[in-house]
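Everything below concerns the one structure shown next.
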Amino acid sequence: MKPELNPSSRDSGPSIFQDTIAEMTYPEVEAAIERGAVALWSMGVIEQHGPHLPTATDVYIPSARLRAVKRLLAAQGIESIIIPPFYWGVNFVSASFPASIKVRAEVMIELVVDVIKSLAGDGVRRVFCISGHNDRAHNEAIFQAMCKGSAESEAQACFICEEAIVRRLGIDPADPAVMPFSVPPEQPPGPFLDIHAGDWETSVMLAFNPDTVRQEKLHDLAPTNLGPDDLAEWRKGFEVSRRVTPNGYFGDPAAATAERGRTSIEREAEAIVQGLVRRLA
Ligand SMILES: [Zn+2]
């Protein structure tokens with residue numbers, strides 16, 4: 001009898017290195033930069049995502065989004081290179097759970113700035129970053145790194161950020177270090193929210209990295225049926241968040257479908273590319 005594979009050795013779908021410069025040679029990267037390629041970079045985190053999703057969910061999802069962005073940009077005649085994803089981010093809300101790795105914002109900012117400077121030294125002039133993780137402090141760190149990286153190098157770094165998060169962070173939407181985008185919701189919002197490791201994130205993982213989803217667990221996961229007041233409480237972080245969501249998810253993972261995951265990544269990528277085409281014109 002064949003020994004059963006442990007979960008981490010299964011074929012999990014596209015690697016986070018797929019389509020990034022990690023799979024290119026240096027002359028290929030050099031030539032792309034000489035042709036004026038823009039750099040795309042996702043900023044995730046290793047963080048608990050309930051009993052059914054892997055801790056790198058916030059790395060896999062923006063990686064899938066950037067692969068779609070790269071493809072759509074190429075169709076518009078815009079060349080891009082993808083930088084391997086950043087994954088040591090800031091955890092606050094999930095910080096009391098195991099495997100939510102906590103890195104200080106200042107460490108994250110300095111590391112991101114060094115990478116931007118390194119890319120600028122190679123000749124890259126535009127760096128566009130997206131977030132895979134909605135902790136406020138993580139996204140504040142990204143924005144600060146974009147400002148500092150742009151000030152200290154010849155590259156312009158820009159945070160492609162959902163409008164709602166730009167508002168929440170109090171960033172001026174006209175700041176060159178941010179490019180707000182929004183995707184109209186497919187359905188009118190109901191009374192309950194889907195925030196973390198719920199329907200949306202599980203759908204995207206089913207679409208792009210299905211073997212990393214513990215699908216046998218999904219049926220047992222009841223919807224959390226939590227609303228805006230619970231979200232405000234959950235955002236207080238650490239033990240408070242863990243009390244609000246003891247199983248680590250906020251939403252309805254059992255409702256997930258791969259098809260919705262694919263559609264939502266396509267719609268987001270289209271919205272991002274529309275913004276990028278305007279920004280690069
Ligand atoms: Zn997530």
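First listed ligand is number 1; within each ligand, the first listed atom is number 1.
Considering every non-hydrogen atom in both Glu79 and Ala32, the closest pair reads OE2-CB, 3.5 Å. Of all heavy-atom pairs between Val59 and Tyr87, the closest is CG2-CB, 3.5 Å.
Asp58 contributes OD1 as its N, O or S atom closest to the Zn ion (ligand 1). Among heteroatoms of the N, O or S kind in Glu201, OE2 lies nearest the Zn ion (ligand 1).
Side-chain atoms of Ser96 come within 3.5 Å of backbone N or O of Glu239 as a donor-acceptor pair.
The Zn ion (ligand 1) has no N, O or S atom of Glu47 under 2.8 Å away, backbone or side chain. Coordination check, His49 versus the Zn ion (ligand 1): passed, since an N/O/S atom of the residue sits under 2.8 Å.
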Show your reasoning for whether salt bridge (Lys or Arg N to Asp or Glu O under 4.0 Å) applies to Arg136 and Glu140. CA-CA 6 Å; Arg136 181 186 182 118; Glu140 271 168 351; 3.1 Å; yes

